Amino acid sequence: QVQLVESGGGLVQPGGSLRLSCAASGRIFMIYTMGWYRQAPGKQRELVATVHNGATTNYADSVRGRFTISRDAAKNTVYLRMNSLKPEDTAVYYCNADLSPTSYAPRRDYWGQGTQVTVSS
């Protein structure tokens with residue numbers, strides 16, 4: 001059983017910063033990619049940022065230059081540092097991991113439960 005547990009969300013004023021964390025635990029053989037997605041009310045879930053095995057990163061245009069994704073492979077943990085936050089960043093942020101739980105099991109996506117980020121004055 002694989003679990004992704006997020007932390008670090010909350011309420012912040014425009015221009016402020018937050019750091020999200022997500023730790024993967026349980027039966028894990030190989031993690032290929034970890035990342036963050038978000039979903040605002042009435043909108044579809046969208047990619048925020050991903051980090052691949054080997055540390056290649058990918059960002060949505062809307063957050064590039066403001067958000068930084070990083071990964072601690074030894075701890076199976078991914079972080080999202082969010083600076084210069086805007087009201088339009090308000091959403092539920094979901095952690096994602098593309099991984100194989102065993103050497104013979106196919107890789108698949110796993111999701112965290114989500115953490116609320118609200119940017120408001």
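Heavy-atom basis, side chains included; hydrogens, waters and symmetry copies ignored. No experiment lies behind these values; they were computed from the predicted model shown.
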Roughly how far, to the nearest 0.5 Å, is the [atom2] atom of [Y] from the [atom1] atom of [X]?
X: S62; Y: L47; atom1: OG; atom2: CG; result: 9.0 Å
X: R81; Y: S70; atom1: CZ; atom2: OG; result: 10.5 Å
X: Q113; Y: L4; atom1: CD; atom2: CG; result: 8.5 Å
X: D89; Y: S120; atom1: CG; atom2: OG; result: 12.5 Å
X: T56; Y: N58; atom1: OG1; atom2: CG; result: 9.5 Å

So do [Y] and [X] actually touch side chain to side chain, heavy atoms under 4.5 Å?
X: Y94; Y: V92; answer: yes
X: R38; Y: R45; answer: no
X: C95; Y: W36; answer: yes
X: S103; Y: F29; answer: yes
X: V2; Y: L99; answer: yes

In one Ile/Leu/Val/Met/Phe/Trp/Tyr side-chain cluster, 4.5 Å: [X], [Y]:
X: L80; Y: V63; result: yes
X: Y37; Y: M82; result: no
X: V78; Y: V117; result: yes

F67 and Y93 aromatic ring geometry - parallel, tilted or perpendicular at 30°/60° bounds: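 Judged by the thresholds at 30° and 60°, the geometry between Y93 and F67 is tilted.
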
Compute both the distance and the angle, then confirm whether R108 meets the cation-pi test with Y110: under 6.0 Å from the six-membered ring centre, within 45 degrees of the axis.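 Yes - R108 lies over the ring of Y110, closer than 6.0 Å to its centre and within 45° of its axis.
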
Please determine, by modelled atom types, if T118 and Q116 share a side-chain donor-acceptor pair under 3.5 angstrom.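 Looking only at side-chain atoms, Q116 and T118 do form a donor-acceptor pair, the distance falling under 3.5 Å.
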
Among T77, T50, N53, N76, which one satisfies side chain to side chain contact (heavy atoms under 4.5 Å, CB included) with R71?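 Among T77, T50, N53, N76, the one that satisfies the side chain to side chain contact (heavy atoms under 4.5 Å, CB included) with R71 is N53.
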
Identify, with sequence neighbours excluded, every residue that meets side-chain contact (heavy atoms from CB on, under 4.5 Å) alongside D98.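 Expected list: Y32, T33, R107, D109.
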
Taking side-chain contact (heavy atoms from CB on, under 4.5 Å) as the definition, give me every residue that meets it alongside S25, ordered by chain and number, with sequence neighbours left out.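 Partners of S25 by the side-chain contact (heavy atoms from CB on, under 4.5 Å) criterion, ordered by chain and then number, come out as Q3.
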
Non-hydrogen atoms of [X] and [Y] that approach each other most closely:
X: A91; Y: A40; result: CB-N, 3.8 Å
X: L20; Y: G9; result: CD2-N, 3.6 Å
X: C22; Y: M34; result: O-CE, 4.2 Å
X: P106; Y: S100; result: C-OG, 4.0 Å

Donor-acceptor pair, distance only, cut-off 3.5 Å: does the side chain of [X] make one with the backbone of [Y]?
X: Y59; Y: R66; answer: no
X: E6; Y: G114; answer: yes
X: T102; Y: A105; answer: yes
X: T57; Y: V51; answer: no

Under 4.0 Å between a Lys/Arg side-chain N and an Asp/Glu carboxylate O for D61 and R64?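 Salt bridge present between D61 and R64.
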
Full working for side chain to side chain contact (heavy atoms under 4.5 Å, CB included) between D72 and Y79: CA-CA 8 Å; D72 185 334; Y79 305 95; 4.1 Å; yes

Which residues share a salt bridge (Lys or Arg N to Asp or Glu O under 4.0 Å) with R19, sequence neighbours left out: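 Counting only residues at least two positions away or on another chain, R19 forms no salt bridge (Lys or Arg N to Asp or Glu O under 4.0 Å).
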
Taking everything shown except E88 itself, do over 12 heavy atoms lie less than 6.0 Å from its CD?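 Counting other residues, nucleotides and ligands, CD of E88 exceeds 12 neighbours.
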
